[in-house]
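Quick note: numbers below take in every heavy atom, side chains included, and nothing from hydrogens, waters or symmetry partners. Predicted model, so just to flag it, every value in this text is computed and none were measured. Within every chain, numbering begins at 1; the chains are lettered A, B, ... in the order of the sequence lines, protein sequences first and strands thereafter.
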2 protein chains.
Amino acid sequence: MRHNGRVTQEIGKRPNIYDVASAAGVSKSLVSLVLRGAPGVSPARRAAVEEAIERLNYRPSRAAATLAGNRSRTIGVVLDDYRNLWFVDLLAGLHDRLAPLGFRVAVADPSFNAHLDRTPVDGLLSMRVDGVVIATEPTEEMFAAVDVPAVVAGNRDMVVPGADIVANDDVMGGRLATEHLIGLGHREIGHVTGAGGAARLRAQGFDAMMRGSGLRPQVAQGQGLTMESDGYEAALRLLEENPSLTAIFAANDTMALGAAGAARDRGRRIPEDLSLIGYDNSPLASANLLRLTTIDGRNRQVGDGAAEALLERMKDPATPVHTKLVEPELVLRASTAAPA
Amino acid sequence: MRHNGRVTQEIGKRPNIYDVASAAGVSKSLVSLVLRGAPGVSPARRAAVEEAIERLNYRPSRAAATLAGNRSRTIGVVLDDYRNLWFVDLLAGLHDRLAPLGFRVAVADPSFNAHLDRTPVDGLLSMRVDGVVIATEPTEEMFAAVDVPAVVAGNRDMVVPGADIVANDDVMGGRLATEHLIGLGHREIGHVTGAGGAARLRAQGFDAMMRGSGLRPQVAQGQGLTMESDGYEAALRLLEENPSLTAIFAANDTMALGAAGAARDRGRRIPEDLSLIGYDNSPLASANLLRLTTIDGRNRQVGDGAAEALLERMKDPATPVHTKLVEPELVLRASTAAPA
DNA sequence: CAGATTAAATGGAGCGCTCCAGAAACACGA
DNA sequence: TCGTGTTTCTGGAGCGCTCCATTTAATCTG
């Protein structure tokens, strides 16, 4: 009723669906169908609506669509830290799987909480996301709030009840890295680890492989998390404790960078005097200065799997919770070689 | 009217503002005031409302708030590429300035376009952002669409009409880096540059400083943009063309990493045989392996300035367009030294 | 070619907030 | 006690969509 008398759009006002409808000579409902790419719209009308949209420079209101539809067609991703680049492929994987289905991806950063929001999840729930990907260590507070399908990406310490887990197989990756070094002939191998579930599992793979081969696992943990400086410091300690060490497996590429610094500072050339292997296959690893042999966790696949799990749970919330592990693979570069 | 008869919230339904209102024994309008942190609410009622919110686990609908208020209290940021970490400080600066005023920050990635959206700006406009920060090279299409206050962060090739520009002073930074090398005693200095406005200006600063000191500017541009491999390749060329080169200034830290690889491959130690200076003061620069002397563009300040400009233009859209340059500063580390 | 079936298009009723004009409650001096 | 401000609080009217039950148009079938 309010719109019946309107023939032209008032100037200075953003056009809405009614403006488009009257410009195209159709009903607002038809415009809505075109916007959502629904089937069962005649080509002629669809074209007319699209032309009107173009002509009016119309842009649909996400807010109205979300409110009316009671769903945002958006998947929220909780991120740790932008400096750790593993999330880039994760996002790409999520997007590739979700975009064709009309879903958007929205990122929430724990450090960027808005007024009243206690956790980044609050912000996402306020925007009525249809699902949540937790790509950080979950907290009690966080998952107490979640009432939409959720999946935890990456291996974590805490388990979120009701959430699927999709991650690369960190234990296997740790084993793979260690196996590679042993295969090269190394016997004195150190592992630089950090805090967090993924690092723990990688260490576990290292430990299992070493013991399985009758070798002594030597591990050093950085003071902090899994940063460059932690890798540096831990590698330094490793090298000090056992000067006959010929290889180091770092829990991730960033720590491997730190380990490379430690090796340089101790006069050890890579790979001649010390083999070094990282984890993540980050852009860093392919740098010419390092040419770092590493493990690729195939995070794009993890993103794809996370999207898959979310989609399934959105269709049927009663789907039993499951864990999906993506097989990691060894990426050979120039930082590992047979011991002298 | 629809809500008058409702005493308790139906189970399984998300509570809304009316549920909170009746639980707290106040009107929905009062709840709205509390939600927005408005003044002029008695402490007693405010507490009652907050208690009800807590008890019902109520989470306001952003969609409804945006729709009703005709504004989202959100600033959109268009990002280039997550791998280039300069945006991290930019976001932090934006957030710190904006969050206390109740604004959120939403990120749009050009590679992640949704259905119907031609540019990442479309997505942001659909969510009715109150302002846009363009932290990437703008395109014609992009700014044709923008009808909210906009600011371009960083120096770009294209000028967006009506948008303020906030950036670090790349020319000055280029001059600073070059001055540092000259001051150290270097005479044969090369510059590794890339595509894009910022790189061009940094090269300009390099050029000016070299000529001003009566030295010959030697520049090599990578094939691609400003990636590690481009830095590697360009530095290799530089070293080949002029073996007596004693210092290289790279357009950013990532390219500097590439240049460090080139130096290593040509048997040049840093800083003994070759001084190297980067730009951006990224986490990479502080790595122990590089200890890279670099220029800090103070992107946090840039973010702050961008927020400031947006806020001003939101208050008064007629504010004349202006450019704000943040003074960069030299960060001394171990990759530069006097020539042998 | 009438009747049945299917496809295409429509109008109304919300979704959950904000904004605004005005009502109610409170304060205070004459 | 009563005006007269000054706070504080309230109800109504949308915001621009989606969803759904219907209507209308097109197509088929014997």
At under 4.0 Å, does any side-chain N or O of [X] touch on OP1 or OP2 of [N]?
X: B:R36; N: C:dT18; value: yes
X: B:R45; N: D:dC9; value: yes
X: B:S61; N: C:dC17; value: no
X: B:Y58; N: C:dC17; value: yes
X: A:S32; N: D:dC17; value: no
X: A:S27; N: C:dT10; value: yes

Side chain of [X] (C-beta onward), nearest among [options]:
X: B:R71; options: C:dT10, C:dC19, C:dT18; value: C:dC19
X: A:N16; options: C:dC17, D:dC9, D:dC17; value: D:dC17
X: A:S42; options: D:dC17, C:dA9, C:dC17; value: C:dA9

Worksheet item: the helix from C:dC1-D:dG30 to C:dA30-D:dT1: angle between its terminal axes, five pairs each, to 10°?
Response: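 What I find for the helix from C:dC1-D:dG30 to C:dA30-D:dT1 is an axis angle of 30°.
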
Discussion item. Whether the side chain of B:N16 engages the backbone of B:Y18 through a donor-acceptor N/O pair (distance < 3.5 Å, no angle test) should be reported.
Written reply: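 Such a contact is found between B:N16 side chain and B:Y18 backbone.
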
Worksheet item: Does any N or O in the side chain of B:N155 come within less than 3.5 Å of the main-chain N or O of B:N168, such that one atom is a donor and the other an acceptor?
Response: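 Yes; judged by distance alone, with no hydrogens or angles, the pair exists.
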
Item to complete: Using the closest heavy atom to pick a nucleotide of DNA chain D for each, name whichever of B:L30 or A:A68 lands nearer the 5' end.
Response: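 Its nucleotide being nearer the 5' end, the pick is B:L30.
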
Worksheet item: Taking protein heavy atoms under 4.0 Å as touching, what does nucleotides 20-27 of chain D look like 5' to 3' if B marks base contact, S marks sugar-phosphate-only contact and - marks none?
Response: --------

Practice prompt. Give me the one residue out of A:V133, A:T119, A:L124 that meets side chain to side chain contact (heavy atoms under 4.5 Å, CB included) with A:V78.
Written response: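 When A:V133, A:T119, A:L124 are each tested with A:V78, the side chain to side chain contact (heavy atoms under 4.5 Å, CB included) holds only for A:L124.
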
Discussion item. Counting distance alone, no hydrogens or angles: does the base of D:dG16 have a donor or acceptor under 3.5 Å from a partner atom on the side chain of A:K28?
Written reply: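 Looking at the base of D:dG16, it does not pair with any donor or acceptor on the side chain of A:K28 (distance under 3.5 Å).
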
Fill in: From B:N84 atom CG to B:F87 atom CZ, the distance as rounded to the nearest 0.5 Å
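Rounded to the nearest 0.5 Å, the CG-CZ separation comes to 9.0 Å.
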
Worksheet entry | Shortest non-hydrogen contact from B:D19 toward B:R14 |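 In terms of heavy atoms, the two residues are closest at OD2-O, 4.1 Å.
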
For residues 24-32 of chain A, dump all side-chain donor-acceptor pairs below 3.5 Å to protein atoms at least two apart in sequence or in another chain.
| unit_1 | atom_1 | unit_2 | atom_2 | d |
| --- | --- | --- | --- | --- |
| A:S27 | OG | A:S29 | N | 3.4 |
| A:S27 | OG | A:L30 | N | 3.3 |
| A:S32 | OG | A:R36 | NE | 3.3 |
| A:S32 | OG | A:R36 | NH2 | 2.7 |

Worksheet item: Given atom CD1 of A:I17 and atom P of C:dC15, what is their separation to the nearest angstrom?
Response: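 Whole-Å distance recorded here is 18 Å.
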
